[in-house]
Amino acid sequence: MIQMKLPITIGDIEITRRQAGRGMVRLIKHGESIGRIESNKVLDDLPRVLGRKLTIEEQVAITLAVPGAVVAA
């Protein structure tokens, strides 16, 4: 099984668990924290932050790296 760990970078946004709180991930852009997203909503909310849809590769990377990330049906 392929295992990825945080932090990962999608576009110019770094996703990390550091100082994010329970069940959350923190978004960092250019070294500055720009917010937090619930782990189970990363795939829904991150495209809004980026201003574009996620590629299949990005969706797979997030699903493998973020505990609790779920694909919306």
For Pro47, what residues pass the side-chain contact (heavy atoms from CB on, under 4.5 Å) criterion, not counting sequence neighbours?
Leu54

Let me check something: any side-chain donor-acceptor pairs from residues 29-37 under 3.5 Å, sequence neighbours excluded? List them with distances.
none

Return the CD1 to CD1 distance between Ile15 and Ile10, rounded to the nearest 0.5 Å.
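One finds 5.0 Å between CD1 of Ile15 and CD1 of Ile10.
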
How many angstroms lie between CD in Glu38 and CZ in Arg22, if you round to the nearest 0.5 Å?
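The CD atom of Glu38 sits 13.0 Å away from the CZ atom of Arg22.
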
Grab the two heavy atoms, one from Lys53 and one from Glu58, that are nearest each other, plus how far apart they are.
O-OE1, 4.4 Å

Taking all heavy atoms of Pro7 and all of Thr16, pick out the closest pair and write down the distance.
CB-CB, 4.0 Å

Please check if [X] and [Y] belong to a single hydrophobic cluster, counting links between Ile, Leu, Val, Met, Phe, Trp and Tyr side chain heavy atoms closer than 4.5 Å.
X	Y	result
Val66	Leu50	yes
Leu6	Ile28	no
Ile62	Val49	yes

Got Leu46 and Leu27 here, is their nearest side-chain heavy-atom distance under 4.5 Å?
yes

With sequence neighbours left out, what residues match Arg26 under side-chain hydrogen bond (donor to acceptor under 3.5 Å, both in side chains)?
Gln19

Sequence neighbours left out, what passes side-chain hydrogen bond (donor to acceptor under 3.5 Å, both in side chains) with Asp45? Give chain and number order.
Arg48

In terms of heavy-atom contacts, does CZ of Arg52 have more than 12 from other residues, nucleotides or ligands at under 6.0 Å?
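Atom CZ in Arg52 is packed in, count exceeds 12.
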
